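See structure below.
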Amino acid sequence: MRSLYGKFVVITALIMFVSGLLAFLTVNTYYHQQLKGKNDEKNMKIAMSIASFIESTKELDLDHYLKTQAAVGYKLYVVDEKRNATLYGEPFRVENLTSETVDQVLKGERYHGMRDFPSETFVTGFFSNKLANTVGVPFQHEGTSYALFLRPDIKMLFTEVHKLLGGMVIVMAIISLLSMLIVAKKLIDPITALTVATKKVGEERFSGTLDIHRSDEIGQLAKSFQRMTEKLSENDRIRKEFISDVSHDFQSPLLNIKGYAELLMDETLTEASRKNYAQVIQSETERLSSLTKQLLLLTSLDQLSSPLQLKTFSVDEQLKEVVRKYRWLVEEKELSLSMELEEVTYTGDPAFLEKVWENLLLNALKYTEVGGTIDVLLTEEPDHLIVVVRDTGIGMDESALGRIFDRFYRADDSRTQKSGGTGLGLSIVQQVVKLHAGAIDVTSKKGEGSTFTVRLPKLS
């Protein structure tokens, strides 16, 4: 049976059967080891009292008296010295009393059949309706010897109270079983819904909401699954957008290169036009090269949870070197660049952090108009270092601020195209800062500039 509900039904029935069997074996063992002797002793006293009463009462109607005793809950088997046997009460299932036993009792011995009844695994001696499972005593009546064999009539021992208790136990067992099956159904239904939803996710169908409202572990699992599905849906959307953006960003420069390469084949071109076209091809090639390098860098950052090569280095010297590298662009745009750098040493990955400073500085240089201002600040706190890159560039509105760290997002696409931007720089910055367990914040206002603040904890 493959369904979980079917397995639960089978296992429940199996548990009930095994528990019932174990309970029977336990009770049976307890009876044979602890109660059998006491039961024999108790019934022996009853048999002796009957025999004593018969012997002490003159002119007793023996047959009537024995019938009376049988009517109050006993099975009596009486054998006289001529081996004539009379049964009083309900018949025994098996009359397996040996003649040797009858002879011994007639000679005056007592028979302890209950005490000596053999221990059988699946037969409870208390309920065994065999003639051998009796007690026997001798008695005399009107000069004749008799052997009296006695045992309780189990059917008559079960009173209305016992029947009510037995019925109550059966009803409780049935109700408990049905309740367990209903509860199991309610537990399994959400699991079935989760299974269907999992198959949909496997087929890359991330839409839909689980209609499971519970506060237990299954409800928590459903909520976690729903969050996972939403995250997968978002990742799938981002993946498709990423592929689309990569295709677009590769296609545009490739088309330009192809177009200008075809134009260069025109033999009537002037030297000036030929140089101009060649410069465009070189610019687009450099743009493709930059895009490829940044994609490879992002791939390495995504695939490795901690790709850091930790070294202790001087952050202020690294910032100065990055500014020196792009000094030509500062002078070309006639920008005012100021640096306030404290002497700070830090343990981190210098190669990746250099990419952070480069991307933040290039971002400021690209979006700051001629004659603008750029400030670079480095300060140290007991547990953090803080790097601030502030510019007086074109700034961003609220909608752009929420997406600037998305891959291939450009706050000003036309300007980025002119400056050769790929839309990956700030994504790289965020990834590297996260790998250093840091945080990056940005504040910006349209037309007034932007401020990027990087906080890096000192790694122990």
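This structure is a prediction, so every number in the text was calculated from the model and none was measured.
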Compute whether any side-chain donor of one residue and acceptor of the other, for N39 and N43, lie under 3.5 angstrom apart. yes
Does a donor on one side chain sit under 3.5 Å from an acceptor on the other, for T312 and T347? yes
For [X] and [Y], indicate whether the former's side chain and the latter's backbone hold a donor-acceptor pair under 3.5 Å.
{"X": "S49", "Y": "I46", "answer": "yes"}
{"X": "T134", "Y": "R151", "answer": "no"}
{"X": "H112", "Y": "G136", "answer": "no"}
{"X": "S19", "Y": "I15", "answer": "yes"}
{"X": "S179", "Y": "I175", "answer": "yes"}
{"X": "N359", "Y": "L426", "answer": "no"}
{"X": "N133", "Y": "S128", "answer": "yes"}
{"X": "D40", "Y": "K36", "answer": "no"}
{"X": "Y346", "Y": "P457", "answer": "yes"}
{"X": "R83", "Y": "E81", "answer": "yes"}

Over 12 foreign heavy atoms within 6.0 Å of CD, E381: yes
After noting the C-alpha distance and the side-chain angles of L148 and L76, does the key distance pass the side chain to side chain contact (heavy atoms under 4.5 Å, CB included) rule? CA-CA 7 Å; L148 170 65; L76 303 174; 4.0 Å; yes
Over all atoms of both residues, closest heavy-atom pair of [X] and [Y]:
{"X": "V433", "Y": "A439", "answer": "CG1-N, 3.3 Å"}
{"X": "V105", "Y": "A147", "answer": "CG1-CB, 3.4 Å"}
{"X": "A364", "Y": "V389", "answer": "CB-CG1, 4.2 Å"}
{"X": "V387", "Y": "L378", "answer": "CG2-CD1, 3.7 Å"}

How about I440 and V429: do any of their side-chain heavy atoms sit closer than 4.5 Å? yes
Side chain to side chain contact (heavy atoms under 4.5 Å, CB included) evaluation trace for M396 with S450: CA-CA 7 Å; M396 293 172 283; S450 304; 3.6 Å; yes
Applying side-chain hydrogen bond (donor to acceptor under 3.5 Å, both in side chains) to S145 and Q140, what does each step give before you reach the verdict? CA-CA 5 Å; S145 297; Q140 298 285 329; 2.6 Å; yes
Before accepting this row, confirm whether a basic side-chain N of the pair K458/E380 lies closer than 4.0 Å to the acidic partner's carboxylate O. yes
Give the C-alpha distance, both sets of side-chain angles, the deciding distance and a yes or no for side chain to side chain contact (heavy atoms under 4.5 Å, CB included) between Q318 and E354. CA-CA 7 Å; Q318 188 180 60; E354 184 178 5; 3.6 Å; yes
Rounded to the nearest 0.5 Å, how far does CD of Q431 lie from CZ of F352? 10.0 Å
Taking the six-membered ring of F92 (Phe, Tyr or Trp), confirm whether the NZ or CZ of K75 is under 6.0 Å from its centre and within 45° of its axis. yes
